[in-house]
Amino acid sequence: MIERVRAVLVTADDTMLVIRRTRPGIPEYWVLPGGGVEPGDESREAALHREIHEEIAGKADIVRPLHTIETDDERQLFYLARIATWSFDDRTGPEFSAEGRGAYALEEVPLTLEGLDGIDLKPEEIALVLRGAIGAGSLGVETSL
């Protein structure tokens, strides 16, 4: 089973960092930073730190697991994390130079219902989880981070 880790990266301004994906022939969409767990990763959290470093040259403090989505062949683990510094210009992930992968653009989106409604966050299930947590005031951004 393939495992992927992704993070809701909350900034000091209570925005979240998302990556806008633009690919030929597909409507643009947004994803949370992260990627695949590799055999050399010591843990899922270590994989997430590596992915955050590769994708946005950032360092994050992982607060807690947020949600898991599992299918027959893939498990995606989503974490809530606080990030203070990042540099999209210094990213090093191999996917950025791969032919045909399309464009990646880092954006800050308000961590509000309005902010989420303004983007097509994938997978849809994590967007629903975030909407529910924000609407219920249970995301815990103010108290947990």
Side-chain angles (χ1 to χ4, degrees), residues 1-39 41 43-84 86-88 91-145:
M1 175 177 286
I2 297 171
E3 281 196 332
R4 300 187 191 286
V5 289
R6 298 202 175 275
V8 176
L9 295 173
V10 182
T11 70
D13 295 329
D14 288 329
T15 62
M16 70 174 173
L17 297 180
V18 293
I19 297 173
R20 179 173 34 94
R21 291 297 319 276
T22 307
R23 299 169 63 188
I26 299 172
E28 73 180 4
Y29 62 96
W30 286 255
V31 295
L32 297 170
V37 176
E38 296 177 359
D41 292 324
S43 65
R44 293 170 178 149
E45 291 79 7
L48 186 57
H49 283 294
R50 177 185 49 74
E51 286 288 343
I52 291 167
H53 176 73
E54 288 177 0
E55 290 192 1
I56 63 173
K59 293 188 180 186
D61 292 320
I62 298 172
V63 176
R64 63 181 167 88
L66 183 63
H67 189 69
T68 300
I69 299 173
E70 194 164 331
T71 62
D72 289 339
D73 58 349
E74 181 179 77
R75 178 182 299 128
Q76 289 193 72
L77 300 111
F78 294 86
Y79 293 83
L80 183 63
R82 175 67 81 179
I83 190 158
W86 62 91
S87 173
F88 202 56
R91 63 191 177 185
T92 60
E95 64 270 22
F96 300 118
S97 58
E99 284 291 320
R101 292 297 304 250
Y104 294 75
L106 187 66
E107 297 181 353
E108 284 185 66
V109 173
L111 196 51
T112 62
L113 292 175
E114 294 80 14
L116 285 171
D117 288 342
I119 63 173
D120 183 14
L121 184 63
K122 301 290 185 192
E124 188 175 317
E125 185 173 332
I126 195 61
L128 293 172
V129 167
L130 286 172
R131 281 186 179 92
I134 291 168
S138 63
L139 192 56
V141 174
E142 299 80 19
T143 57
S144 295
L145 296 177

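These numbers come from a predicted model, not from an experiment.
- Screening E74, E51, Q76 for a side-chain hydrogen bond (donor to acceptor under 3.5 Å, both in side chains) involving R4 leaves a single residue, E74.
- Of all heavy-atom pairs between I52 and A7, the closest is CD1-CB, 4.3 Å.
- The shortest heavy-atom contact between L80 and L66 is N-CB, 4.1 Å.
- With rounding to the nearest 0.5 angstrom, the CG atom of L9 is 10.5 Å from the CG atom of D61.
- Contact check for I2 versus D73: no side-chain heavy atoms found under the 4.5 Å cut-off.
- Rounding to the nearest 0.5 Å places CG of L130 at 10.0 Å from CG of L113.
- The nearest pair of heavy atoms linking A81 to A60 is CB-CB, 4.2 Å.
- When all heavy atoms are compared, the tightest approach of H49 to I62 is NE2-CD1, 3.5 Å.
- Taking CG of D14 as the start and CG of L139 as the end, the distance is 9.5 Å to the nearest 0.5 Å.
- L111 approaches M16 most closely through the heavy-atom pair CD1-SD, 3.6 Å.
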Could you walk me through whether I56 and I83 pass the side-chain contact (heavy atoms from CB on, under 4.5 Å) test, one step at a time? CA-CA 11 Å; I56 63 173; I83 190 158; 3.6 Å; yes
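- Between T15 and E107 the shortest side-chain heavy-atom distance does not fall below 4.5 Å.
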Check step by step if side-chain contact (heavy atoms from CB on, under 4.5 Å) holds for E55 and Y104. CA-CA 10 Å; E55 290 192 1; Y104 294 75; over 6 Å; no
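- Remark: the backbone N or O of L116 is paired with a side-chain donor or acceptor of R131 at under 3.5 angstrom.
- Under a cut-off of 6.0 angstrom, the local environment of NE2 in H53 is sparse, with at most 12 non-hydrogen atoms contributed by other residues, nucleotides or ligands.
- Taking the side chain to side chain contact (heavy atoms under 4.5 Å, CB included) definition, one finds that D120 meets it with Y29, W30, K122, sequence neighbours left out.
- Checked by atom type and distance alone, the side chain of R23 never pairs as donor or acceptor with a backbone atom of G102 at under 3.5 Å.
- For D72, there are no side-chain hydrogen bond (donor to acceptor under 3.5 Å, both in side chains) partners, not counting sequence neighbours.
- Heavy atoms of other residues, nucleotides or ligands lying less than 6.0 angstrom from CD of E28 number more than 12.
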Could you please spell out the steps behind the side-chain contact (heavy atoms from CB on, under 4.5 Å) verdict for R20 and I119? CA-CA 9 Å; R20 179 173 34 94; I119 63 173; over 6 Å; no
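- Contact of the V18 side chain with the L32 side chain is registered, since non-hydrogen atoms from C-beta on lie closer than 4.5 Å.
- The two residues P123 and I69 have their closest heavy-atom pair at CG-CD1, 3.7 Å.
- Under the 4.5 Å side-chain criterion, counting only non-hydrogen atoms from C-beta, L106 is in contact with L17.
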